[in-house]
Number of protein chains: 2
Amino acid sequence: MQKGDFVYISYVGRIKESGEIFDVTSEEIARKEGVYNPEIKYGDVPVIVGAGFVIPGLDEALEKMNVGEKKVIEIEPQKAFGERREDFIKLIPETEFKRQNIDVKVGDFVSVNGITGRVLSINSGRVRVDFNHPLAGKALVYEVEIKKQITDTKEKIYAILKYFSNLEEGVANAKIENGVVEIETKGIQIASRVKENIVKTIFEWIKEINKVKFSELYEKSEKSKS
Amino acid sequence: MQKGDFVYISYVGRIKESGEIFDVTSEEIARKEGVYNPEIKYGDVPVIVGAGFVIPGLDEALEKMNVGEKKVIEIEPQKAFGERREDFIKLIPETEFKRQNIDVKVGDFVSVNGITGRVLSINSGRVRVDFNHPLAGKALVYEVEIKKQITDTKEKIYAILKYFSNLEEGVANAKIENGVVEIETKGIQIASRVKENIVKTIFEWIKEINKVKFSELYEKSEKSKS
């Protein structure tokens, strides 16, 4: 593939050392492997090759693959979720949690200034919290397949919508005319941060589009008509 | 006028007892009377008569007026900002403010659970806060004029936009076709609460509209084109 190609991929991601699955796109495999989570929407994942939609090691591997190809790739921590950093382990006074009425216990996940960490220990009123990503320092093994490539502009728009907002065709509708794409939703508002990411990605990776219009439609209900 | 008429009005609102101006639509009068506030956008105010855009006493008065007419009206508290209620004065432990690092002093405005109140006194760690509207219990005098009536559908849309979001024509653009109004802004997002109010008001007071579409347009900047 080439940088900028739009593809849909499927994968099983495992921690190399333990073989534990931390991410999987297929519901069937999730069930078979006993890691099925009813809150997850399974299915092939849209990726713009080389655009950082996936971790660097996987992105690089995709560039060397062809549509329909399946590969098992090993990824070192520095091309996955980074090395573990000792300086990401912080000592926080227990009083700071008490002030927010939070009762911390070892093993708890806590959020401090918007960053999530795990409580390692509590001693003499000091809480040791590890803010490293849970997969930091781990080598990973991905079994990845490029299921298809898409080249149609409208399908590319839907791929970007799916990636950033999980909106499927039908819930969001895209119309393209003269370099303008109109993305219409009914009664659904897309968060402003998400809109910004969608716009940035469209302008960067779909050269033929130079205007993006988000439209939300509201209809009068029958009972309120008179 | 009749209930549902769209008009633009100007007014000077005074507290009857003191003669103090608490609200005025004309910049010229504001300056002359020494109450000019540079943060306020002065100008005639859009009102749908009888729709609660203004206090009940003023709304009722408008129904009895004609376009171009000017009137001085007295409004009793129950048709203005309500009577003062003693049960809206609450005792709050000073520790509750300290916990939020707020240092309260008599006369301060404080926000508790999203409601603003004024600190009346602080005694033995207990803070007396008055959550009554500052104009509660006051009789008011309005000098009001109906400047013009509008009947054009598009102008009605702009009146509603101005009332709820202060967006002027040009910043927001309305297009109407087959009972659908499209409200387009460039790079500006209207808050979702505000959108809901705009939609509700359009459906209630502009019978010929049965769909509202909010569109936000994003354009690729020259430098990001390639």
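Proteins get letters first, then strands, A, B, ... in listed order; numbering begins at 1 in each. Below, all heavy atoms of this structure are taken into account, side chains as well, without hydrogens, waters or symmetry copies.
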Answer yes or no: are there more than 12 heavy-atom neighbours, outside B:Asn66 itself, under 6.0 Å from its atom CG?
-> yes

Please round to the nearest 0.5 Å and tell me the distance separating atom CD of B:Gln189 and atom CD of A:Glu196.
-> 6.5 Å

Where on A:Glu216 is there a heavy atom nearer than 4.5 Å to chain B: the side chain, the backbone, both, or neither?
-> both

Between chain A and each of B:Glu219, B:Arg99, B:Lys200, B:Glu204, count heavy-atom pairs under 4.5 Å; write down the option with the most.
-> B:Glu219

Atom NZ of B:Lys79: over 12 foreign heavy atoms under 6.0 Å = no

For the atom pair CD1 (B:Ile206) and NZ (A:Lys220), what is the distance rounded to the nearest 0.5 Å?
-> 9.5 Å

Taking atom CD of A:Glu177 as the centre, does the number of heavy atoms from other residues, nucleotides or ligands within less than 6.0 Å exceed 12?
-> no

Would you mind checking which part of A:Ile183 comes under 4.5 Å of any heavy atom in chain B, side chain (CB onward), backbone (N, CA, C, O), both or neither?
-> neither

B:Asp87 atom CG, neighbour heavy-atom count above 12 within 6.0 Å | yes

Check each atom of A:Glu182 against the heavy atoms of chain B and say whether the ones under 4.5 Å are side chain, backbone, both or neither.
-> side chain

Mind jotting down which residue pairs meet the ring pair (Phe, Tyr, Trp, His ring centres under 6.0 Å) criterion with at least one end in residues 93-127 of chain B? Sequence neighbours excluded, please.
-> none

With only heavy atoms counted, which part of B:Lys195 is less than 4.5 Å from chain A, the side chain, the backbone, both or neither?
-> side chain

A:Phe203 and B:Tyr218 have their tightest heavy-atom pair at CZ-O, 3.6 Å

Start with the C-alpha gap between B:Lys186 and A:Lys211, add the side-chain angles, then the distance that decides, and say whether side chain to side chain contact (heavy atoms under 4.5 Å, CB included) holds.
-> CA-CA 11 Å; B:Lys186 270 192 196 176; A:Lys211 283 185 192 172; 5.9 Å; no

Partners meeting side chain to side chain contact (heavy atoms under 4.5 Å, CB included) with B:Ala191 (sequence neighbours left out) = B:Val194

Atom NZ of B:Lys3 with >12 non-hydrogen neighbours under 6.0 angstrom | no

